[in-house]
Asks: 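Structure below; questions to follow.
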2 protein chains.
Amino acid sequence: MADSAAPRNARAVARAELTRAILDSASTQLAQVGPAALSVRAVARDLGMASSAVYRYFPSRDALLTALLIEAYDDLGESVEQADSRVRDRADVAARWHALCHAVRDWARAQPHRYALLYGSPVPGYAAPDDTVASATRVTTALLTLLSDAQAMGRTPVATLPLSEEEREAVVPVRSFTDPVLDDAWVVRGLAAWATLFGNLSLELFGHMHRGILDYDAHFQQLVDQVAADLGLA
Amino acid sequence: MADSAAPRNARAVARAELTRAILDSASTQLAQVGPAALSVRAVARDLGMASSAVYRYFPSRDALLTALLIEAYDDLGESVEQADSRVRDRADVAARWHALCHAVRDWARAQPHRYALLYGSPVPGYAAPDDTVASATRVTTALLTLLSDAQAMGRTPVATLPLSEEEREAVVPVRSFTDPVLDDAWVVRGLAAWATLFGNLSLELFGHMHRGILDYDAHFQQLVDQVAADLGLA
DNA sequence: TCAGCATAGAGAGCAGTGCTCTCTCTCACC
DNA sequence: GGTGAGAGAGAGCACTGCTCTCTATGCTGA
């Protein structure tokens, strides 16, 4: 982490490589056994080194988990950003919304353990340090930018309730995140869309749709369409 | 679990009581350290018995977790059912919706660890047995019943997209859950409301609204109002 | 009534965990 | 070339889930 500077000598190179190897091994193990069972000793075994040596690179198991967390956030963030930017017609906000939603879902379904690490129960007794914030915000940033673009194009969400003064106060950081700032209706519908998207994903990936929904793909498609309509994107 | 029959003799009584005590101690510990760190030995210590003796009551740590899971589902289910039934005017579906939403959130905020156990990342390497299904369904049942009642009263959700044949197929179990069955629009809006409610709760409780929303209560109030409006309940 | 047996608990033990401490070796810099 | 920082190994501590064996006790059928 701290050694992001260009390696100058053999020792620094070795350190960077081994750090990378530890992260890769840990990531593989994470995908197999989940965050709770991630074991420093197992990583060390995998790399053929003593477990105590791993502590030269990550001061604790939680620090290793945090590194994996940041990597996962960045990986997801990049997937979403790329999906968004692949929509060539930047004015087609509906297409961008669909691309964003499916990018998140595809990423999550491909590696449910990493999704669970990001959006599932927080690892108990451990608060994500501030390092994670920048990476964690990428998806939300992409979403808010999309909404801001849509607003700039004159789109309007469908029938949205007016905000009380208290409610408007509550969402100030969201409103003032983009430039120009979002109107009330966009903030309301945007936050609802955010909750709906991740709520659906969590319910799906964590098994709560078992026996309730027969075809997750079709249902997700429908949900994304409906939210797009509510956002006035279509 | 299996000893739900009325205790007949001293041994059965003692067994029932100790089973209860183990669950209580485990529940307390769960609230303090989270599911991953729930320790059979700590429970045994708390009760002043050998750890091996606990295994006479629960065959494994996972079985103990499952029992806690079922209890939590039932506890939440009962809270929601009671909140719903406390609305005296059964025709006031908007009030019932608000009661339901706030019951879930109040319960979750009062015991976030239990909420995480139910709606957070599934405990890895462990699939919830069928015993949990009945308890897990109570909240969803309350919600679907509410929607069915609203439909029976002639309410209609706002502008809802039509379903393709594929999409209609995907949600068959949900539609046919209530009697009479739900119309397409109710299924669509109902599932979206479900995802929005739990999505918002998870994002809030798992820390994703940190620095984004200043007043969680006000924002939740607003969200519930908006979804109620979309459902055509207001 | 009482022998026999299922049940309950204790304790030791195994294999695993996170993490620390000490020891040794080696690389890099002055 | 000497010196000190960095890196790895290994032992060890306190903990975990779980199993096995041993003993005590309450219940039950003859």
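Below, chain A is the first sequence line, B the second, and so on; all start at residue 1.
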Asks: Which nucleotide wins on minimum distance to the side chain of A:Tyr55, given the candidates D:dA7, C:dC19, C:dA10?
Replies: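 Shortest atom-to-atom distance from the side chain points to C:dC19.
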Asks: Of the candidate nucleotides D:dG8, C:dG9, C:dA10, which contains the atom at the shortest distance from the side chain of B:Tyr57?
Replies: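 The answer is C:dG9, which lies nearest to the side chain.
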Asks: Atom CG of A:Leu64 to atom C1' of C:dC19: distance rounded to whole Å?
Replies: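 Computing the A:Leu64:CG to C:dC19:C1' distance gives 14 Å.
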Asks: Compute whether any side-chain donor of one residue and acceptor of the other, for A:Thr137 and A:Tyr73, lie under 3.5 angstrom apart.
Replies: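 Short answer, no.
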Asks: What about A:Ser52: does its side chain form a donor-acceptor pair under 3.5 Å with the base of D:dG8?
Replies: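 Not at all, since no donor on one side and acceptor on the other fall under 3.5 Å apart.
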Asks: With respect to the side chain of A:Asn9, which nucleotide from C:dC23, D:dT16, C:dA28 is positioned closest?
Replies: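 Comparing C:dC23, D:dT16, C:dA28 against the side chain of A:Asn9, the answer is C:dA28.
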Asks: Under 3.5 Å, is there a donor-acceptor pair between the side chain of B:Gln29 and the main chain of B:Ser39?
Replies: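 Present.
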Asks: Would A:Leu23 and A:Phe58 count as a side-chain contact (heavy atoms from CB on, under 4.5 Å) if you check the C-alpha gap in whole Å, the side-chain angles of each, and the deciding distance to 0.1 Å?
Replies: CA-CA 10 Å; A:Leu23 283 171; A:Phe58 295 94; 3.8 Å; yes
Asks: Rounded to whole angstrom units, what separation is found between the CD atom of B:Gln29 and the C1' atom of D:dC15?
Replies: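 The distance from CD of B:Gln29 to C1' of D:dC15 comes to 13 Å, rounded to the nearest Å.
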Asks: Could you state the atom-to-atom distance from CE of A:Met49 to P of D:dA9 in whole Å?
Replies: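 From A:Met49 CE to D:dA9 P: 6 Å.
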Asks: Please give, in whole Å, the distance from C:dT17 P to A:Asp46 CG?
Replies: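 The distance from CG of A:Asp46 to P of C:dT17 comes to 13 Å, rounded to the nearest Å.
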Asks: Where the side chain of B:Val40 is concerned, which of C:dG18, D:dG8, D:dG17 is the nearest nucleotide?
Replies: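 Between C:dG18, D:dG8, D:dG17, the one nearest the side chain of B:Val40 would be D:dG17.
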Asks: For C:dT7, does OP1 or OP2 lie under 4.0 Å from any side-chain N or O of B:Arg56?
Replies: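 So the side chain of B:Arg56 is outside the cut-off, no N or O lying under 4.0 Å from OP1 or OP2 of C:dT7.
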Asks: Give one of base, sugar-phosphate or nothing for B:Ser39, where a contact means two heavy atoms less than 4.0 Å apart.
Replies: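 Sugar-phosphate, no base atom in range.
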Asks: Would you mind classifying the nucleic acid contact of A:Ser60 as base, sugar-phosphate or nothing, using non-hydrogen atoms under 4.0 angstrom?
Replies: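 The answer is sugar-phosphate, as A:Ser60 gets under 4.0 Å only of primed atoms, P, OP1 or OP2.
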Asks: Tell me the interatomic distance from B:Leu18, atom CG, to C:dA10, atom C1', rounded to whole angstroms.
Replies: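 So the CG-C1' distance, B:Leu18 to C:dA10, works out to 14 Å.
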Asks: Could you give the CZ-to-P distance, from B:Phe58 to C:dA8, as a whole number of Å?
Replies: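 About 13 Å, once rounded to whole Å.
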Asks: Check the orientation of B:Phe198 and B:Trp194. Use parallel for under 30°, tilted for 30 to 60°, and perpendicular for over 60°.
Replies: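 Perpendicular, since the angle between the ring planes exceeds 60°.
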Asks: Side chain of A:Arg41, base of C:dG18: donor and acceptor closer than 3.5 Å?
Replies: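 Side chain to base: pair found, below 3.5 Å.
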Asks: Given that B:Arg11 and B:Leu38 both sit by DNA chain D, which one's nearest nucleotide is further toward the 5' end?
Replies: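 Taking each residue's closest nucleotide, the earlier one in sequence belongs to B:Leu38.
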Asks: Look at the side chain of A:Arg45 and decide which nucleotide, out of C:dC21, C:dT17, D:dG17, has an atom nearest to it.
Replies: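 The answer is C:dT17, which lies nearest to the side chain.
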Asks: Measure from CD1 on B:Ile22 to C1' on C:dG9 and round the result to the nearest Å.
Replies: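 From B:Ile22 CD1 to C:dG9 C1': 12 Å.
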Asks: If you look at every strand shown and take non-hydrogen atoms under 4.0 Å, does B:Arg61 touch a base, only sugar-phosphate, or nothing?
Replies: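 It contacts sugar-phosphate atoms only.
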Asks: Measure CG/A:Asp62 against P/C:dG18 and give the value in whole Å, please.
Replies: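 Answer to the nearest Å: 11 Å.
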Asks: Using a 6.0 Å cut-off, check whether atom CD of B:Gln82 has over 12 heavy atoms from anything other than its own residue.
Replies: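 Atom CD in B:Gln82 is crowded, with more than 12 foreign heavy atoms closer than 6.0 Å.
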